[in-house]
Protein chains: 2
Amino acid sequence: MLYGMDTHPPAPPTGAASRLHARVLDELGVAICGGGFAPGTVLYVDELVERCAVSRSVVREVLRVLASMGLVEARRRVGTRIRPPADWNVFDPQVIRWRLASDERLVQLRSLTELRAAVEPQAALLAARRASAADAAELVALAAKLWAAAESGDEPGFLSADIEFHRRVLLHSGNEMFAGLRELVAESLTGRHHYHLMPHHPDQRALTLHADVAQAIQRRDGERARTAMTALTQQIHDEMKDGWEPSGG
Amino acid sequence: MLYGMDTHPPAPPTGAASRLHARVLDELGVAICGGGFAPGTVLYVDELVERCAVSRSVVREVLRVLASMGLVEARRRVGTRIRPPADWNVFDPQVIRWRLASDERLVQLRSLTELRAAVEPQAALLAARRASAADAAELVALAAKLWAAAESGDEPGFLSADIEFHRRVLLHSGNEMFAGLRELVAESLTGRHHYHLMPHHPDQRALTLHADVAQAIQRRDGERARTAMTALTQQIHDEMKDGWEPSGG
DNA sequence: GCCTTGATTACGTCTGATTTATGGGCCTAG
DNA sequence: CTAGGCCCATAAATCAGACGTAATCAAGGC
């Protein structure tokens, strides 16, 4: 009488898919952000109940969440329509992940990189004013750890230290919205690494600039922190530009 | 109590689908973002069913949406816990609106203003490279309209032209994430106006800078567009600083 | 003292019925 | 033939109740 009596559960206990909601949400999110449905396409609850083999409650809750992300819009008597990409909440972490998994990943990475170039210098400036002494000291230590990881060729250690460094600058900017971008920067760096848009042996100049940012923040020199971070994000931007401008525009 | 009258709600304005879902979502969102529940507080579905006088489906769908915003986290056998503000999706338009309606509105406005100061100059730079000729021309026209509205003392016209100007610069930056901030800038300007943090007779220098930005974008002078927009956002920041630093820090 | 085990609990999922509002067809009036 | 209002089929919105599931906590055994 219950679900799946005759059809064995598709996900054994090993899978994290024990959450139907998460599974269907991810399935639909990937499909929409990946262009699987053209804007204006209409979905129906009953249709999704069949296609995803889950109950109406699961489908409805998923559609509510997608609607709150701006991906779909439910209308009585019509159905649930796919909204155009311009209406999506492009700052929602899930949407960013789905887009990074789609064909548009380079566009998404470019957007993230340009956003970082705008935000991180300002965050460094504010961190120089607002970070506590202990937090500033930890930033210097992180820059040193980054340096060491690069010298010893420890790639995973380098990536995680790099992520942590930028996360903390954003966090200590004292601005909740800058801080809200910290997971996004982590996604960006991971994505850059995953798609091999990163130089394999870290640039010496980048290491120097990380150290400069940390030192300037500790010495409360906001302008220098901003300048160094600008140079850093500019270098990142230049390194990645080849990825989306293959012909060198 | 909340809506005052027991008569029909004054406006079922746009056919915004559900009544109950939107009502309960807003009620809980305002309560959480307004500090009505301390982080760690546990909510229960059955309790909310009683308190809000709606069915389980409505409550569950609302909690799913709140969870996707990072405001709550459901755990089996425990209940649904309020998450700390650091975990909230502070870029979700709903969360921003709830925070602007709370006691933290000045903190939220400061964050928005600092974010604008970081993003809009870069957006102006990119718009100078990427905006179409027609879009650039419309920007110049909007700056002129802004000027005219200021001269004739048309406050509502000034506000709407101001919002539209900044929206379009973000939109024509060619970066989807910058463009995604356009509604947020609208909220920021509206909030600034609503809480009287805006000079009543617009500053002459601000008008000049708007015109400069538009002209620089039309002439494809990215650096000048960025410089002018930096001056503009800096001036906005200075004007509002009195609001959150009353004693002149 | 640590691990196992079982009862308890609140979320998660499923199902069926009912209500609501809305887009389009149809009809009437100008 | 067009404009405006009424009717109805439709799909979402809501309600109500049941059962499954996993995580917690405490009792009991090693």
Side-chain angles (χ1 to χ4, degrees), chain A residues 1-28 32 37 40-83, chain B residues 8-9 11-28 32 37 40-83:
Chain A
M1 193 58 78
L2 290 176
Y3 62 93
M5 277 305 245
D6 42 359
T7 68
H8 41 68
T14 57
S18 63
R19 304 252 193 277
L20 291 181
H21 177 82
R23 179 173 70 81
V24 176
L25 180 65
D26 202 63
E27 193 176 320
L28 282 178
I32 295 172
F37 301 102
T41 305
V42 179
L43 303 176
Y44 304 93
V45 173
D46 295 332
E47 176 193 277
L48 292 174
V49 164
E50 266 192 76
R51 188 188 311 174
C52 304
V54 293
S55 70
R56 278 206 317 284
S57 25
V58 172
V59 170
R60 282 192 51 77
E61 286 168 23
V62 164
L63 289 180
R64 283 282 199 213
V65 171
L66 292 174
S68 92
M69 295 172 176
L71 266 55
V72 304
E73 183 182 24
R75 292 180 69 96
R76 286 183 138 117
R77 158 78 206 196
V78 173
T80 301
R81 276 210 302 259
I82 308 293
R83 297 178 69 180
Chain B
H8 49 75
T14 60
S18 59
R19 291 191 327 288
L20 294 181
H21 177 82
R23 179 172 71 80
V24 175
L25 179 65
D26 202 63
E27 196 176 321
L28 282 178
I32 295 171
F37 302 102
T41 306
V42 178
L43 303 177
Y44 304 94
V45 173
D46 294 332
E47 176 193 278
L48 292 174
V49 164
E50 266 191 77
R51 188 191 308 174
C52 303
V54 293
S55 70
R56 281 184 159 71
S57 333
V58 173
V59 169
R60 284 194 47 78
E61 286 168 23
V62 165
L63 289 180
R64 281 283 200 218
V65 171
L66 292 174
S68 92
M69 294 172 177
L71 266 55
V72 303
E73 182 181 26
R75 294 189 59 164
R76 284 185 142 131
R77 160 80 201 197
V78 172
T80 301
R81 276 210 305 258
I82 308 292
R83 298 179 68 178

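FYI, side chains are in, hydrogens and waters are out, and symmetry mates aren't considered; it's all heavy atoms of this structure. By convention in this document, chain letters (A, B, ...) are assigned in the order of the sequence lines, proteins followed by strands, and residues within each chain are numbered from 1.
- Rounded to whole Å, atom C1' of dC15(D) lies 10 Å from atom CG of Leu20(B).
- For Ser57(A), whose side chain is taken as the heavy atoms from C-beta onward, the closest listed nucleotide among dA12(D), dC14(C), dA10(C) is dC14(C).
- Salt-bridge formation is not detected for the pair Asp46(A)/Arg56(A): no Lys NZ or Arg NE/NH1/NH2 atom is positioned less than 4.0 Å from an Asp or Glu carboxylate oxygen.
- Atom CG of Leu25(B) is separated from atom P of dT14(D) by 12 Å (rounded to the nearest Å).
- If you check distances only, the side chain of Arg77(B) does reach the base of dT8(C) with a donor-acceptor pair under 3.5 Å.
- The shortest heavy-atom contact between Phe37(B) and Leu43(B) is CE2-CD2, 3.8 Å.
- The two residues Val65(B) and Ser68(A) come nearest to each other via the heavy atoms CG1-CB, 3.7 Å.
- For the pair Arg64(A) and dT14(D), the criterion of a side-chain N or O lying under 4.0 Å from OP1 or OP2 is met.
- Between Arg81(A) and the phosphate of dA12(D), there is no side-chain N or O to OP1/OP2 separation shorter than 4.0 Å.
- Counting all heavy atoms, side chain and backbone alike, Arg83(A) lies closest to Glu73(A) at CD-CB, 3.7 Å.
- Following rounding to the nearest Å, Glu73(B) (CD) and dG12(C) (C1') show an atom-to-atom distance of 15 Å.
- Nearest to the side chain of Val45(A), among dA12(D), dT14(D), dC14(C), sits dA12(D).
- Residue contacts shown for Leu43(A) are limited to sugar-phosphate atoms, with no base heavy atom under 4.0 Å away.
- Here the C1' atom of nucleotide dC15(D) and the CD atom of Glu50(B) are 16 Å apart, to the nearest Å.
- Nucleotide dA18(D) holds its C1' atom 13 Å from the CG atom of Asp46(B), rounded to whole Å.
- Listed pair Arg60(A) / dA13(D) meets the phosphate criterion, a side-chain N or O lying under 4.0 Å from OP1 or OP2.
- Here Arg56(A) does not reach the OP1 or OP2 of dT15(C): none of its side-chain N or O atoms lies under 4.0 Å away.
- Considering only the side chain of Arg76(A), dA21(C) comes nearest among dG16(C), dA21(C), dT21(D).
- In this structure, of dA10(C), dT14(D), dC14(C), it is dT14(D) that holds the atom nearest to the side chain of Val58(B).
- Not one side-chain nitrogen or oxygen of Ser55(B) sits closer than 4.0 Å to the OP1 or OP2 atom of dT14(D).
- The CZ-P distance, from Arg23(A) to dT13(C), rounds to 10 Å in whole Å.
- Distance OH (Tyr44(A)) to C1' (dG23(C)): 12 Å, rounded to an integer number of Å.
- Sequence order on DNA chain C of the closest nucleotides to Ala53(A) and Val78(A) puts Ala53(A) first from the 5' end.
- For the pair Arg19(B) CZ and dT22(C) P, the interatomic distance rounds to 10 Å; values are reported in whole Å.
- Here Arg75(B) reaches the OP1 or OP2 of dT24(D): one of its side-chain N or O atoms lies under 4.0 Å away.
- The minimum heavy-atom distance between Gly79(A) and Val42(A), with the atom names listed, is CA-CG1, 3.8 Å.
- With respect to Arg23(A), the side-chain contact (heavy atoms from CB on, under 4.5 Å) criterion is satisfied by exactly one of Val58(A), Val54(A), Val62(A): Val54(A).
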